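Chain A is the first sequence line, chain B the second, and so forth, proteins listed ahead of strands; every chain is numbered from 1. These figures come from a predicted structure and were not determined experimentally.
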There are 2 protein chains.
Amino acid sequence: MLTERQRMILNAIVDDYIRSAEPVGSRSISKRGDVGYSAATIRNEMADLEELGFLEQPHTSAGRVPSIKGYRYYVDHLVKLGDVNEHELKLLRSYIAEKMRGMEQVTQHAAMILSNLTNYTSIFLGPETFNTTLKHFQLVPLNEDTAVAIIVTSTGHVENTTVSIPSDMSMSDMERIVNILNAKLAGVPLVQLRSKLFSEVGEELSRYAAHCERMIDVLTGVLKEGEGNRVFLSGTTNILTQPEFKDVDKVKTLLDLLEETPTIMKLFADLPAGIQVRIGTENEHEAINNCSLITATFSIDGQSLGTIGILGPTRMEYGKVISLLDVLSKDLAVLMARWYK
Amino acid sequence: MLTERQRMILNAIVDDYIRSAEPVGSRSISKRGDVGYSAATIRNEMADLEELGFLEQPHTSAGRVPSIKGYRYYVDHLVKLGDVNEHELKLLRSYIAEKMRGMEQVTQHAAMILSNLTNYTSIFLGPETFNTTLKHFQLVPLNEDTAVAIIVTSTGHVENTTVSIPSDMSMSDMERIVNILNAKLAGVPLVQLRSKLFSEVGEELSRYAAHCERMIDVLTGVLKEGEGNRVFLSGTTNILTQPEFKDVDKVKTLLDLLEETPTIMKLFADLPAGIQVRIGTENEHEAINNCSLITATFSIDGQSLGTIGILGPTRMEYGKVISLLDVLSKDLAVLMARWYK
DNA sequence: GATTAGCACTCACCAACCAAGAGTGCTAAC
DNA sequence: GTTAGCACTCTTGGTTGGTGAGTGCTAATC
């Protein structure tokens with residue numbers, strides 16, 4: 001619905017604004033070389049674009065600034081994916097060099113590199129527990145009445161809590177129960193643990209029923225607690241270098257948001273595989289209404305294994321970030337496929 | 001070396017400044033009621049105090065502000081420990097209600113409450129690994145060539161990494177080695193693991209020597225990696241509400257510092273048991289030269305089990321924070337004594 | 001001799017004001 | 001359809017002058 005020239009001008013304006021962070025005027029566009037029109041012509045087009053809702057004016061006689069709708073159009077139709085240069089590529093892939101750490105460490109490291117490379121904040125969200133299965137469960141006694149409960153999931157994730165040992169449970173009882181639970185419950189999806197317990201293990205452990213249920217409580221407790229550990233942030237303060245965050249109050253609300261893991265998890269909920277761009281108010285949460293969130297969710301056999309997101313101002317280098325995330329998520333997908341073949 | 005009146009005036013100035021965050025003038029002190037002198041007298045004393053280095057003037061004809069030396073004198077001789085009120089005490093002790101979680105969770109929760117109560121940033125540093133002993137070591141295989149290595153320490157702390165299994169090591173080999181290592185190394189201080197390995201386990205595992213050394217590498221690797229996990233922050237953004245941090249640049253350097261776990265660990269190194277106050281430039285690190293750090297290190301039998309610190313502006317409510325930390329650290333000491341009796 | 005009232009002086013802070021510059025919208029010419 | 005020209009708007013930065021808080025000093029007072 002936009003003319004070729006309008007698209008060209010919109011593109012120029014967004015590019016300029018992303019670079020300069022200042023409202024861009026008709027003259028500066030006209031002088032860019034790649035747009036062969038005079039300032040006056042551009043002015044007319046800009047007025048039209050504003051009427052159509054793609055641009056905004058902070059005040060009369062300031063330049064124009066892209067609106068959310070403008071950014072959206074830019075991202076959907078205009079943005080040129082920057083190509084990832086040698087240096088960046090090398091850096092980005094350096095995490096693979098640390099051969100064979102856990103999947104988590106790898107992704108977290110990747111997220112860190114990404115935040116350095118982009119100067120925005122990167123967020124990594126680990127796989128949802130209900131997609132993973134139980135690998136191993138164990139109790140390590142610390143002294144007579146306390147023990148550490150440890151759970152290992154199929155993705156190599158480890159969770160633990162300290163629990164108190166009921167006084168009426170002997171060491172050998174405990175060992176036996178843990179053994180049986182392991183034999184029966186290994187490979188069971190985490191969310192089905194409880195129901196499986198009753199259907200499968202029921203009769204065999206009936207004499208330990210009470211204890212056993214206790215154990216499952218512990219198990220699910222550990223899992224629930226671990227929920228929060230899925231979020232990993234990197235470069236939190238990078239965003240402070242952006243001029244749109246020179247106001248401490250804005251900074252505070254943003255940082256407060258980032259500290260609230262549940263909120264972040266909600267933000268990342270239900271993302272389809274692949275790259276997703278959420279611009280400004282397209283984000284649910286008010287605190288990031290002047291931010292954009294670009295996410296890459298990678299999955300294997302339809303099972304999501306995590307999401308890496310980049311949070312920056314709406315005036316974000318979309319082209320660069322998208323292409324970086326694209327490369328990275330494809331790399332990770334390959335890596336994971338090999339890992340969990 | 002200060003006269004009674006000078007002490008009184010210094011005390012009044014520091015108190016006022018802590019409340020208002022603004023240079024305090026002679027008149028406002030004179031009108032406080034508890035100091036029965038006229039503004040002129042106070043002015044003279046203030047001039048003297050300035051000459052002695054206890055006060056500073058931002059510029060001529062502004063009020064006075066305490067210097068580092070002034071704060072130091074205040075903390076050492078003048079400060080009245082605020083008494084902890086019922087409500088605070090209840091809140092502060094609520095972590096105990098979560099009966100018998102791990103020591104770590106308890107302290108971390110306490111640190112969180114503390115940051116809420118004070119509106120400063122609280123930092124918790126877990127016990128040094130070389131004071132703790134190995135409780136349990138385990139490998140959980142994930143697939144043919146990777147496994148999760150898990151370590152449990154005597155304090156109930158759990159560390160883990162994913163490692164690759166050498167192709168020439170069979171499952172049963174692995175199990176055997178792990179078993180022997182556990183039997184021999186449980187109870188050994190973490191730092192002595194390697195030397196103990198050779199002296200004690202040497203002959204018994206000579207046929208597995210190579211593998212065994214590999215295992216120890218894994219073990220120490222896990223530990224080194226875990227070093228960073230000892231730091232726990234809470235209320236990071238609280239400090240942003242303080243007027244001295246209305247400048248985003250300062251905020252950034254401070255937050256950057258807080259993200260660097262090694263630096264924080266250095267900051268907390270070699271603290272004696274009990275409460276310690278470091279004011280402004282008394283702190284090594286430049287980024288917190290206008291902050292004060294109050295720490296409480298609690299130990300049992302001379303073995304440090306962690307430190308809780310409060311980081312705030314130099315203009316901090318010393319009395320309140322010190323008494324809160326005092327109560328808390330004593331509580332924790334009791335709790336831990338029961339725990340690790 | 002210590003204390004205090006009085007006074008001149010110093011700055012930071014604020015508001016008003018002004019000029020410059022950037023950008024716009026509109027009109028008329030190309 | 002495009003562009004040059006022009007009047008108009010509005011931010012920005014600098015200057016100026018007034019105000020108030022606070023000081024240092026001196027002289028009077030207790």
Side-chain angles (χ1 to χ4, degrees), chain A residues 2-10 12-17 19-67 70 243-244 246-247 315, chain B residues 2-10 12-17 19-67 70 243-244 246-247 315:
Chain A
L2 293 186
T3 69
E4 192 49 45
R5 193 166 72 186
Q6 282 174 324
R7 294 157 57 103
M8 188 178 178
I9 290 174
L10 178 57
I13 291 174
V14 177
D15 276 347
D16 255 37
Y17 184 62
R19 259 196 319 98
S20 69
E22 256 153 43
V24 6
S26 53
R27 230 176 92 82
S28 61
I29 293 293
S30 157
K31 282 199 299 190
R32 269 173 53 120
D34 57 340
V35 191
Y37 297 96
S38 78
T41 311
I42 308 232
R43 268 204 292 285
N44 287 328
E45 295 286 28
M46 278 164 95
D48 289 352
L49 283 170
E50 184 172 358
E51 198 155 345
L52 289 169
F54 293 96
L55 296 179
E56 276 168 0
Q57 236 177 343
H59 55 264
T60 8
S61 92
R64 301 301 208 295
V65 161
S67 65
E244 25 268 282
K246 66 180 195 308
D247 177 25
R315 187 186 58 75
Chain B
L2 292 186
T3 69
E4 192 49 45
R5 192 167 72 187
Q6 283 174 323
R7 295 158 55 103
M8 189 177 176
I9 291 176
L10 179 56
I13 292 176
V14 177
D15 275 348
D16 255 37
Y17 185 62
R19 259 197 318 97
S20 69
E22 255 153 44
V24 5
S26 53
R27 230 177 91 82
S28 61
I29 293 294
S30 157
K31 282 198 299 190
R32 269 174 54 121
D34 56 340
V35 191
Y37 297 96
S38 79
T41 311
I42 307 228
R43 268 204 293 284
N44 288 328
E45 294 286 27
M46 279 165 95
D48 289 350
L49 282 170
E50 183 171 358
E51 198 155 343
L52 289 170
F54 292 97
L55 296 179
E56 276 167 2
Q57 234 177 345
H59 55 264
T60 8
S61 92
R64 300 301 208 294
V65 162
S67 66
E244 26 267 282
K246 66 181 194 311
D247 176 25
R315 186 187 58 74

Original post:
Is the shortest heavy-atom distance from the side chain of Pro243(B) to the side chain of Arg315(B) under 4.5 Å?
Top reply: yes
**OP:** Looking only at side-chain atoms of His59(B), point me to the closest of dT4(C), dA12(C), dT2(D).
**Re:** dA12(C)
Original post:
For Asp15(B), which residues count as a side-chain contact (heavy atoms from CB on, under 4.5 Å) partner, sequence neighbours excluded?
Top reply: Asn11(B), Arg32(B), Tyr74(B)
**OP:** Please list, chain by chain and in numerical order, all residues satisfying side-chain hydrogen bond (donor to acceptor under 3.5 Å, both in side chains) with Glu56(B), sequence neighbours excluded.
**Re:** none
Subject >> Interatomic distance where CD1 belongs to Ile29(B) and P belongs to dT3(C) [whole Å] >> reply: 17 Å
Subject >> ring-ring contact (aromatic ring centres under 6.0 Å, His included): pairs with one or both residues in residues 21-40 of chain A, sequence neighbours excluded >> reply: none
**OP:** Let me know the distance between CD of Glu4(B) and C1' of dA2(C), rounded to the nearest Å.
**Re:** 17 Å
Sub-3.5 Å pairs of nitrogen or oxygen atoms, protein against nucleotides 21-25 of chain C:
residue : atom : partner  : partner atom : Å
dG23(C) : O3'  : Ala62(A) : O            : 3.4
dT24(C) : OP1  : Arg64(A) : NH1          : 3.3
dT24(C) : OP2  : Ser26(A) : N            : 3.1
dT24(C) : OP2  : Ser26(A) : OG           : 2.6
dG25(C) : OP1  : Arg64(A) : NH2          : 3.0
dG25(C) : N7   : Arg43(A) : NE           : 3.1
dG25(C) : O6   : Arg43(A) : NH2          : 3.2

Original post:
Hey, is the side chain of Thr41(A) poking within less than 4.0 Å of OP1 or OP2 on dT3(D), counting only N and O atoms?
Top reply: yes
Subject >> Any residue meeting side-chain contact (heavy atoms from CB on, under 4.5 Å) with Arg7(A), in chain and number order, not counting sequence neighbours >> reply: Leu2(A), Glu4(A), Tyr73(A), Leu78(A)
Subject >> Partner residues of Asn44(A) under the side-chain contact (heavy atoms from CB on, under 4.5 Å) criterion, sequence neighbours left out >> reply: none
Original post:
In whole Å, what is the span from the OH atom of Tyr37(A) to the C1' atom of dG1(D)?
Top reply: 10 Å
**OP:** Specify the separation, in whole Å, of atom CD1 of Ile42(B) and atom P of dA21(D).
**Re:** 18 Å
Subject >> Arg5(B) CZ - dT4(C) P separation (whole Å) >> reply: 8 Å
**OP:** Provide, to the nearest angstrom, the distance between the CD atom belonging to Glu45(B) and the C1' atom belonging to dG1(C).
**Re:** 14 Å
